[in-house]
Amino acid sequence: MPRSTRVVGDGGSISKGKICSLKARAVLIDMEEGVVNEILQGPLRDVFDSKQLITDISGSGNNWAVGHKVFGSLYQEQILEKLRKSAEHCDCLQCFFIIHSMGGGTGSGLGTFLLKLLEDEFPEVYRFVTSVYPSGEDDVITSPYNSILAMKELNEHADCVLPIDNQSLFDIISKIDLMVNSGKLGTTIKPKSLVTSSAGAVKKRHQKPFDAMNNIVANLLLNLTSSARFEGSLNMDLNEISMNLVPFPQLHYLVSSLTPLYTLADVNIPTRRLDQMFSDAFSKDHQLIRADPKHSLYLACALMLRGNVQVSDLRRNIERLKPSLQFVSWNQEGWKTSLCSVPPVGHSHSLLALANNTCVKPTFMELKERFMRLYKKKAHLHHYLQIEGMEESSFMEAVSSLSGLIEEYNQLDATKSMPVEDFPRLSIAV
């Protein structure tokens with residue numbers, strides 16, 4: 001029976017839509033105070049526990065080595081203490097989510113230091129990483145160094161990585177901008193929403209509306225964790241994602257696509273037909289990274305649905321889409337599905353698709369090319385090498401690790417034209 005006030009296990013409550021004492025189980029870490037202070041002064045200030053924040057003043061200066069080697073050592077015990085405190089409050093600790101950027105110094109350096117820390121401290125708990133990759137027009141000159149050094153850590157210590165690129169997020173917000181301005185589909189937008197400026201006008205396209213871009217990522221995580229939070233006829237534990245979608249340890253990079261894309265509470269988009277949503281989930285326009293999975297090779301794919309959807313709807317659409325998708329010959333039935341009965345706010349249903357697909361390879365190749373352009377000239381290298389514990393061999397090990405990953409994808413792509421093996425089914429004696 002619905003009530004106006006909901007009390008949760010640790011005493012938190014929500015009254016008339018306002019959060020009273022419910023706190024997010026999260027540790028916020030940044031080596032400069034600005035962004036964390038913005039959160040503490042913004043509308044979400046009551047959600048985060050002020051005792052679970054770690055900040056410094058100077059920042060990492062866009063230098064992976066400073067974040068990883070300097071601040072990692074400096075804050076290791078403090079980070080561990082806060083992680084243990086958060087973990088102790090969990091009835092069933094299923095996984096850790098790390099949300100970080102790859103281009104700067106703190107996100108790439110301290111973010112991946114934290115990843116190794118979690119592996120050492122909680123070796124049995126899955127580590128999911130949402131990594132925001134820099135675009136080619138990134139304003140951080142050293143971002144290729146930071147990203148490649150971070151990639152080595154992701155290869156070695158993450159269970160699943162959801163790569164997201166800033167340009168894709170910006171393109172999505174630009175589409176919202178165009179739809180609002182053109183009046184297509186009767187789209188409306190609320191004043192003072194996350195996709196508008198403080199003046200209420202839609203942000204100009206040359207500006208980057210980071211709040212709205214972050215909101216897209218938040219919606220990805222909301223859909224990803226829906227089975228853990230709500231009931232459903234076919235729920236999926238987070239550990240099942242890694243178990244079913246990652247056939248080889250290093251190939252744990254999953255391409256995410258989301259429909260409807262605009263599950264921001266700020267935008268009212270007419271509901272898509274269910275079958276159209278399945279088609280959207282496999283189109284490039286709905287992906288959070290620029291890639292082309294339809295013309296690449298699938299290792300496995302997960303479909304996570306929310307709302308009033310039947311298993312028969314799921315099966316019908318998989319059968320409809322299968323002929324246009326190429327799976328590896330040894331995993332032609334590589335689908336994992338979940339149905340959560342509670343839809344996102346303001347929508348009748350939604351779909352998150354996670355694809356382990358070789359289409360991520362071009363992103364890594366482009367990153368390697370950008371790295372090599374700098375590294376061949378040894379440009380900016382001295383900023384890294386002056387940090388204690390940082391040696392030039394770290395760069396070569398990192399690019400070698402990435403090259404090995406790219407080669408694994410190359411070997412898979414080489415099997416695309418191979419015939420599908422039709423293995424005989426096992427005969428069981430009765």
Over all heavy atoms of both residues, which pair between [X] and [Y] is shortest? Give the atoms and the distance, please.
X      : Y      : answer
Ser348 : Pro343 : O-CB, 3.4 Å
Gly103 : Val140 : O-CG1, 3.7 Å
Asp56  : Glu33  : O-CG, 3.2 Å
Arg320 : Asp275 : NH2-O, 2.9 Å
Ala353 : Leu303 : CB-CD2, 3.9 Å
Leu149 : Ser394 : CD2-O, 3.8 Å

State, with a plain yes or no, whether a side-chain heavy atom of [X] is found less than 4.5 Å away from one of [Y].
X      : Y      : answer
Leu222 : Pro344 : no
Leu53  : Ile39  : no
Val328 : Pro247 : no
Met304 : Leu224 : yes
Thr259 : Phe282 : no
Lys284 : Asp292 : yes

Roughly how far, to the nearest 0.5 Å, is [atom2] of [Y] from [atom1] of [X]?
X      : Y      : atom1 : atom2 : result
Lys116 : Arg127 : NZ    : CZ    : 9.5 Å
Ile406 : Gln411 : CD1   : CD    : 12.5 Å
Leu28  : Ile54  : CG    : CD1   : 9.5 Å
Ser400 : Lys152 : OG    : NZ    : 9.5 Å
Leu114 : Ile29  : CG    : CD1   : 5.0 Å
Tyr145 : Phe371 : OH    : CZ    : 6.5 Å

Ignoring hydrogens and angles, state whether a donor on the side chain of [X] or [Y] is under 3.5 Å from an acceptor on the partner side chain.
X      : Y      : result
Ser143 : Asp138 : yes
Thr363 : Asp165 : no
Asn62  : Asn146 : no
Tyr409 : Asn357 : no
Glu231 : Asn235 : no

Can any side-chain N or O of [X] pair as donor or acceptor with the backbone N or O of [Y] at less than 3.5 Å?
X      : Y      : result
Glu240 : Asp237 : yes
His68  : Gly109 : yes
Gln94  : Asn239 : no
Thr415 : Leu412 : yes
Thr358 : Leu297 : yes
Lys416 : His295 : yes
Asn155 : Gln250 : no
Ser168 : Arg290 : yes
Ser108 : Gly104 : yes

Working note: Thr55 + Met31, criterion side-chain contact (heavy atoms from CB on, under 4.5 Å); need CA distance, chi angles, decisive distance, verdict. CA-CA 5 Å; Thr55 60; Met31 291 298 100; 5.8 Å; no

Looking at Lys85 and Glu88, is any side-chain nitrogen of the basic one under 4.0 Å from a carboxylate oxygen of the acidic one?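 No salt bridge links Glu88 with Lys85.
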
Show your working on salt bridge (Lys or Arg N to Asp or Glu O under 4.0 Å) between Lys23 and Asp49 and close with a plain yes or no. CA-CA 6 Å; Lys23 298 296 181 187; Asp49 186 348; over 6 Å; no

Quick check on Asn308: does its CG atom have over 12 non-hydrogen neighbours (other residues, nucleotides or ligands) under 6.0 Å away?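 Not more than 12 within 6.0 Å, no.
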
Taking side chain to side chain contact (heavy atoms under 4.5 Å, CB included) as the test, write out the residues that go with Asp313, two or more places apart.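 Listed in chain order: Leu274, Val309, Gln310, Arg316.
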
Should the pair Phe97 and Phe128 be assigned to parallel (<30°), tilted (30 to 60°) or perpendicular (>60°) ring geometry?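 Because their plane-to-plane angle lies in the 30° to 60° range, the rings of Phe97 and Phe128 count as tilted.
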
Would Glu408 and Lys361 count as a salt bridge (Lys or Arg N to Asp or Glu O under 4.0 Å) here? Give the steps. CA-CA 10 Å; Glu408 286 197 51; Lys361 182 179 69 172; over 6 Å; no

Yes or no on salt bridge (Lys or Arg N to Asp or Glu O under 4.0 Å) for Lys322 and Glu319, after CA distance, side-chain angles and deciding distance? CA-CA 5 Å; Lys322 269 169 74 173; Glu319 290 303 317; 3.7 Å; yes

